[in-house]
Each structure stands twice: as C-alpha cells, then as structure tokens.
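Shown next, in structure tokens, is the structure this report addresses.
Computed from a prediction, not measured in an experiment: that's the story for all the values here. All heavy atoms count here, side chains included; hydrogens, waters and symmetry mates do not. Residue numbers begin at 1 in each chain, while the letters A, B, ... track the order of the sequences.
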2 protein chains.
Amino acid sequence: MKPNARERLIEGTRQLLWERGYVGTSPTAILARSGVGQGSMYHHFDGKPDLVLAAEQRSAELMQQQIAEAFAVEGTALERITGYLGRERDVLRGCSVGRLTADPEVMADDTLRAPIREAFEVLHEHLRRTIAEGVAAGEFAGDLDVDEIASAIAAVIQGGYALARAAQAVEPFDRAIRGVLSLLRVSAPRAN
Amino acid sequence: MKPNARERLIEGTRQLLWERGYVGTSPTAILARSGVGQGSMYHHFDGKPDLVLAAEQRSAELMQQQIAEAFAVEGTALERITGYLGRERDVLRGCSVGRLTADPEVMADDTLRAPIREAFEVLHEHLRRTIAEGVAAGEFAGDLDVDEIASAIAAVIQGGYALARAAQAVEPFDRAIRGVLSLLRVSAPRAN
DNA sequence: GTCTATACTAGGATAGAC
DNA sequence: GTCTATCCTAGTATAGAC
C-alpha cells in the first residue's frame, strides 16, 4: 500500500523546502525525491507554487499538532513551556516552517506566507495563555507582559536553530533554551 | 571616482545573498546588480563560491564592527545590552549573516560557514562578558549561567527576525526584545 | 492518472576580442 | 581589466502517448 502520488509529491516537496527553501527546490528534484513522473506532478498540481503551498500547509499543520500536544499535558505553566521547548527536535535541521521565512518568494506572496504566519500565531497564542496562567498562579512575576514573553520564547527557538546551524552543533540551541527558562524561573515572585 | 569592479561585485553579491541566499543568487543577477560585465567577474574571482566567500566575509566584518561599537559605550551591563538590542535595524530585511544559516550549500562547506560561525562567536563573547560584568555588579541574579543567557539573547535577535518576517511586521521582533530584556531586569537580586 | 518526449529560459562558466 | 559571444546543463512547463 504505497501512498499515492499526490501524497508523495507533497511530502517530497515538504522535505526539500525544509532543506533548501523555495528557489532551491526544483521540480526535477521533487520528482526524484517523490519517485513519480513529470506528468503526475502537473496532473495533481498547477505548478511549483501550487505544490509548494500544499507542502507548506502540511508543515504548518504538523507544527500546530505538536504544539497542541505539548501544551495539552498536565502540569504547571513552567512545566508545559519546558516540555514544549524540550521536545525532541532535529536541531541542525531547523524548523520546517521557520525555514521559509528566509525565502523572499514566500514572504512576498500573501498566500504562500499565510501558513507560516498562522503557525506562529498558534504558537504565540499557546505560549501567551500558558504564561498568563503562570502569572495568575504566582509562578512568574506579575509585572511581565505576557505577549512580550511569548514572543521572546518563540524567538529563542527559531534563533536557537540559527545559532546551532552556524556552529554545526546542538549545544548553542540547548544553551539558549536553558537560558530563557532560567530567566523565567528566576523571575518568580520571591515567594518561591 | 566610482568604486572599482571588485568592490561593486562584493557589495552586489552581499546584498543578493542577504535577500535571496546562495542558490537564489545567480551570476547574472550579480552582474546586473553590480553593473559590471561577465568577464570582470571571472577576472577577479574564481567563480561563484569564491565571490560568495568574499561577500560573506564583508558581512561578517560589518556585523563585528557594529557589535564592537555598541558594546564599547559607557554604562551598566543592562544599558549596553539594551543598546545593542535596540540598534537601528531593518528588521524585515533580517540579518545578513544569520540569513546564510538557512543555506545548505553554505552550512555544508566549512570555508563558507566560517565567517558566519566567527561572527556569532564574537557576538556571544561580547554578550557573555557583559553579562558577567552585570552579575559581578549585582545587576543580574548571581545564579545565572552567563553562556546560557548570552545564547538566549543572541537567539532572540535571530528568531525575532523570523517572527517579524512571518508577520511582515516589526512588532514581533520588538516584543521579543522587550520580553527578554524584561526577564533580565526582573531577574535582578531583590536589592533593587 | 502516469509516463516519456519535447521546448524554452536561465544558471554557471569559458574563450577570445578590445 | 573589461566586454561580448558562446557553451552546456538544469529549471520549469507543455503535449501527447499509454
């Protein structure tokens, strides 16, 4: 029961976009990666942008699933945030969604940019809500701006990938994550 | 006295790399941007990788200059860090050095990766030292790991660009910066 | 639906004139 | 040193057979 051509094209394109971005992803490479022929691709999709959009939507969907799962667990706010940040990640590969922010073709086209924007909005909303709960529970300092902290945490993840890739080592990513978590922890009202 | 062809090729390539990355930067585009002819390019450089390396080195050099300037000012540790984070930046354009971490061709080649790695090392070192001074001066909590905080701050900058580009708005970048600074401030020993 | 054949443009580099 | 002409391959898409 091998997956159908359409599915394989989406997944092949998704992988290539993740590794090489929009310009770096050629139809020829997609066909080779997906193991289908030229005609099959143009039967299922209008062309490269159409196929890319489908692949982006898939990546965004997967990211949103992982976010939902990570934040659905029981625990304190700090535990849930720590859990999401500590998820198993192929750090040197980076983020399949964040990678696309580097592509001018994607950023310049509102349709192609939408899945990226939405995935980050969903992450921000989960972080925001969790941080607000933590503040309410006295876990974090009450004078923190929840949107600012949420953006800082999301940025640490994305930027952590960049630092790690530059060093070709996972350590800078892990350090950055531990750093922001230690700041969050230390921000706790003196009660603790 | 227009700049010579060599200089214009480096600057044109630097701009294109910044916008479009390695695969997205074609010799043809470089020539158009630089206003020189084909022969001129292959006279001064061995080919695309050689020219790209020169352009990368220029970007890394500029980044290191800006870092040195920002951290050379008088002030508390927090003021110097805030100063660097608040530097004037074309946020939606992103980081000319960080952009290249997305390129597999650059990351896979140690020579092409070196300028990126070094620029981030220099930034890390300045942040690390400044944070250590802040801890010594009682500005920040003493139980913070300076390397972790330095990595977190560097990551917020790079990740902030990604968030801003995804939203096509500067606000997420600014929020992330304010967020990490507020955590740093709030981490201060209760003395304040 | 999927394949192969074909077409056209652009990427990347060389040769040789000036 | 710089330019134009030329070359070959790969990117992107269409046509039409099976």
Side-chain angles (χ1 to χ4, degrees), chain A residues 1-58 99-100 102-109 111-112, chain B residues 1-58 99-100 102-109 111-112:
Chain A
M1 306 286 95
K2 70 175 185 183
N4 61 29
R6 193 188 157 82
E7 269 310 304
R8 294 167 63 192
L9 283 164
I10 290 179
E11 185 56 24
T13 305
R14 201 178 83 78
Q15 299 290 333
L16 282 166
L17 282 176
W18 192 347
E19 293 166 22
R20 316 188 33 79
Y22 189 92
V23 263
T25 297
S26 70
T28 316
I30 291 172
L31 300 179
R33 178 83 55 127
S34 312
V36 304
Q38 193 88 318
S40 196
M41 168 173 156
Y42 285 98
H43 171 73
H44 289 291
F45 299 95
D46 286 347
K48 184 175 160 177
D50 187 35
L51 176 47
V52 163
L53 178 60
E56 283 187 5
Q57 287 168 337
R58 177 65 50 84
R99 165 65 180 84
L100 300 170
D103 283 306
E105 295 82 1
V106 174
M107 291 302 99
D109 181 325
T111 305
L112 290 181
Chain B
M1 305 294 98
K2 68 178 185 180
N4 61 28
R6 193 188 156 82
E7 271 308 306
R8 294 166 65 193
L9 282 164
I10 290 178
E11 184 57 23
T13 304
R14 201 178 83 79
Q15 299 290 334
L16 282 166
L17 282 177
W18 193 346
E19 294 166 22
R20 315 187 36 78
Y22 189 92
V23 263
T25 298
S26 70
T28 317
I30 292 172
L31 300 179
R33 179 85 53 129
S34 312
V36 304
Q38 192 89 317
S40 196
M41 168 171 155
Y42 285 97
H43 171 73
H44 290 290
F45 298 96
D46 286 346
K48 183 174 162 179
D50 187 35
L51 176 46
V52 163
L53 178 60
E56 283 185 6
Q57 287 168 337
R58 177 65 51 86
R99 165 65 179 85
L100 300 170
D103 283 305
E105 295 82 2
V106 174
M107 292 302 98
D109 181 323
T111 305
L112 290 181

d([atom1], [X]; [atom2], [N]) in whole Å:
| X | N | atom1 | atom2 | answer |
| --- | --- | --- | --- | --- |
| B:Gln38 | D:dC3 | CD | C1' | 10 Å |
| A:Asp46 | D:dT12 | CG | P | 16 Å |
| B:Met41 | D:dA5 | CE | P | 19 Å |
| A:Asp50 | D:dT12 | CG | C1' | 14 Å |
| B:His44 | D:dC3 | NE2 | C1' | 13 Å |
| B:Phe45 | D:dT2 | CZ | P | 11 Å |
| A:Lys48 | D:dG11 | NZ | C1' | 8 Å |
| A:Leu51 | D:dG11 | CG | C1' | 15 Å |

With a 4.0 Å cut-off on N to O distance, would you call B:Glu19 and B:Arg33 a salt bridge?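 Looking at B:Arg33 together with B:Glu19, the answer is yes, because their closest N to O distance falls below 4.0 Å.
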State plainly whether the residues B:Glu56 and B:Arg99 are in salt-bridge range, i.e. N to O under 4.0 Å.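 Looking at B:Glu56 and B:Arg99, the cut-off is not met.
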Under 3.5 Å, is there a donor-acceptor pair between the side chain of A:Asp109 and the main chain of A:Thr111?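 Yes, because the side chain of A:Asp109 sits within donor-acceptor range (under 3.5 Å) of the backbone of A:Thr111.
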For A:Glu11 and A:Gln15, which I'm curious about, is there any donor-acceptor pair between the side chains at under 3.5 Å?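 A donor-acceptor contact under 3.5 Å links the two side chains.
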If you find the nucleotide of DNA chain D closest to A:Thr25 and the one closest to B:His43, which residue's nucleotide is nearer the 5' end?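 In this pair, the answer is B:His43.
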Given C:dG12, D:dT2, D:dG11, identify the nucleotide with an atom nearest to the side chain of B:Ser40.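 The nucleotide sitting nearest to the side chain is D:dT2.
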Candidates C:dT14, D:dT12, D:dC3 - which lies nearest the side chain of A:Ser26: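 Among C:dT14, D:dT12, D:dC3, the one nearest the side chain of A:Ser26 is D:dT12.
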